[in-house]
2 protein chains.
Amino acid sequence: MSEYEAGDAPEPSLARRVPDLAALELLLAVARLGSLGRAAKAVGVSQPAASARIRSMERQLGVALVHRSPAGSRLTDAGGVVTEWARRVVEAAEAFDAGAAALRGRRDSRLRVTASLTVAEYLLPGWLVALRAARPETAVSLQAGNSVAVAAQVRAGAADLGFVEGSGVPEGLDGAVIGHDRLLVVVAPSHPWARRRRGLPPAELAGAALVLREQGSGTRQVLDEALAPYGGLGVPLLELASTTAVKSAAVTGAGPAVLSELAVADEVAARRLVAVGVSGLDLTRALRAVWPRGQRPSGPARDLLSLTRTGKGA
Amino acid sequence: MSEYEAGDAPEPSLARRVPDLAALELLLAVARLGSLGRAAKAVGVSQPAASARIRSMERQLGVALVHRSPAGSRLTDAGGVVTEWARRVVEAAEAFDAGAAALRGRRDSRLRVTASLTVAEYLLPGWLVALRAARPETAVSLQAGNSVAVAAQVRAGAADLGFVEGSGVPEGLDGAVIGHDRLLVVVAPSHPWARRRRGLPPAELAGAALVLREQGSGTRQVLDEALAPYGGLGVPLLELASTTAVKSAAVTGAGPAVLSELAVADEVAARRLVAVGVSGLDLTRALRAVWPRGQRPSGPARDLLSLTRTGKGA
DNA sequence: ACTCACTCATAACCCCAGCTTATGAGCCGA
DNA sequence: TCGGCTCATAAGCTGGGGTTATGAGTGAGT
């Protein structure tokens, strides 16, 4: 009796078709160690369990992954390819884990970070993974919030280092620009704007019904300011609570959205969204690290800061 | 009695600390739809199941992710951040799935692709995801192999489109350069070479004991040729069967390795590996799409080809 | 040539994570 | 005040994945 009706999940879910993380980790271990048994030990399960897991993975994928022999197990060609794909998943999971560990936020952390949502969502996990690789002993705690909250935390000494996006260094703090963030107008590939060759006139953007974050969000402020000379932001098509929701709405073709390039990099690369140029409008804002005035970051804070300099932050 | 001894898995495995894919998908659905119940329906489970899953995820992560209210569920600040991290994992899983589906290779596919291991491992999944987004009805089959095998497949008409790395267009085929691949010398951050400021003299590279793929691999051939004028490749420190294994060895500090920049991009970004410059040595090779002479790609092949043009292929 | 040490596979058993359905309780708008 | 939405709780089932114990190959070393 449980009929579909959702209009959302046509296929039997990714999770059914992709092996779980434990299986992927096991596969990586096999690739690295050249034997099911050793891989089993490495991931902390019995050899039969590992054997069965790999086997069921091969059944699930419909592809032979390893050549078993009494001398050990070697990846097949397909196995090698799959293993590399698996590595990407595991790496994303590691970033997730590094972030989550920081978010869990033990108060005894050696480094207390507070960051704007944009930085926390898109940049920080990578830094944390790098930091963990370089200084495994550094426990980091993370508090995410808007720019005002970030500044307050740092000022109050509740965080050693903060990251904000915005036009200036908050009152009473020192800071350094570590990158830039540009807002992009994005539409689904089917949208007429996707086929424009010339940049969009700002007035047309201002007049359009857009999918936006709710009033008060950082990206919306920037957009408001930038469009003020052109009659200001029009009435939104949709106001949504999270960046993720806005992105989804744009992808499904609800309408044009304006989002950080960091937020939509993947979607643009995969052609799920198309960035539309806007002529003569500067939608760039600086990303800054901030700390209490006069107290130059040292120790763990300095370590983290140095990782941000050359990061992929555009 | 099961003592550690592996020297490999000190921590209780990622999979214990990261929610599984189904849970992450569910979280994305909640972010998108604003209600546990609707999200549950969207992913095809009952509402109590969704509720429990989110709750256990919050317990696992030690962070409140959603604000429940009789009017629906909104993400907390932390929840929004976590959701974005989750999205990255799910996207990697989607790439995995797209690749796996192609590898499973139904013979009735509309587009039969054959690709070198490098292309299949690092570039193709992204293209397949993009293709799926643009043309959901196109079923793709993938055969991975070395450049000779790829050429043979295309020549025999067993594939509509091939991708190879190497210096020339294989006999009897037409092709187009779609990108370039550079080999990088990489070492663990602790290795002395990591601190070099000047490029490495080729002779020193030739004389060094390196971690390499086994004889016959494409990357090894390029290296052999490039180093011939400098006394040729020295005796390897380690010969391993897969790119993955070589990478792991390099990361754990076994010694310098030479790998495609595509293969080590993530590791370099996360500072797990450091790229060492080599002065005056060209380790670049072209990546080419190839097809039977005279038969310009059309239909699905053309669709895919157009996606490769602007891809992230360096 | 024989044995040892390693490979992976099979069998029998067990357990708990996560699902389901049925139900209840709170809040909002008509 | 009623109906419809929200999420939470309870009780019960199922099966995937784990374990130990064992067997059957293969290759290397004496």
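Nothing here was measured: the structure is a model prediction, and the numbers come from that model. Computation of the quantities below employed the complete heavy-atom set of this structure, encompassing side-chain atoms and omitting hydrogens, waters and symmetry-equivalent molecules. Just so it is clear: chains get the letters A, B, ... in the order the sequence lines come, proteins before strands, and each one is counted from 1.
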Give me the first and last nucleotide of DNA chain D, going 5' to 3', that has any atom under 4.0 Å from a heavy atom of chain B.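 That gives a stretch of D:dT6 to D:dT9.
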Please give the angle, rounded to 10 degrees, between the axes at the start and the end of the helix from C:dA1-D:dT30 to C:dA30-D:dT1, where five pairs define each axis.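 That helix gives 30° between its end axes.
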Is there any salt bridge (Lys or Arg N to Asp or Glu O under 4.0 Å) pair reaching into residues 59-68 of chain B, and which pairs are they, with sequence neighbours excluded?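 For residues 59-68 of chain B, and leaving out neighbouring residues, the salt bridge (Lys or Arg N to Asp or Glu O under 4.0 Å) pairs sorted by first residue read B:Glu58-B:Arg68.
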Suppose we screen for side-chain hydrogen bond (donor to acceptor under 3.5 Å, both in side chains). Which residues come up paired with [X], at least two apart in sequence or across chains?
{"X": "A:Asn146", "answer": "none"}
{"X": "A:Ser116", "answer": "A:Glu165"}
{"X": "B:Glu94", "answer": "none"}
{"X": "B:Gln60", "answer": "none"}

Using the test side-chain contact (heavy atoms from CB on, under 4.5 Å), find all partners of [X] that sit at least two apart in sequence or belong to another chain.
{"X": "A:Pro48", "result": "A:Ser46"}
{"X": "B:Thr83", "result": "A:Thr244, B:Leu27, B:Leu28, B:Ala31, B:Leu75"}
{"X": "A:Ala22", "result": "A:Asp20, A:Arg53, B:Ala15"}
{"X": "A:Ser35", "result": "A:Arg38"}

More than 12 heavy atoms of other residues, nucleotides or ligands under 6.0 Å from CZ of A:Arg74: is that the case?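 It does not: A:Arg74 CZ has 12 such atoms or fewer within range.
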Roughly how many Å is it from CG in A:Leu33 to P in C:dC6, rounded to a whole number?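 The answer, rounded to whole Å, is 15 Å.
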Using a strict heavy-atom distance below 4.0 Å, which residues from residues 45-78 of chain A are in contact with DNA chain D?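 Output list: A:Val45, A:Ser46, A:Pro48, A:Ala49, A:Arg53, A:Pro70.
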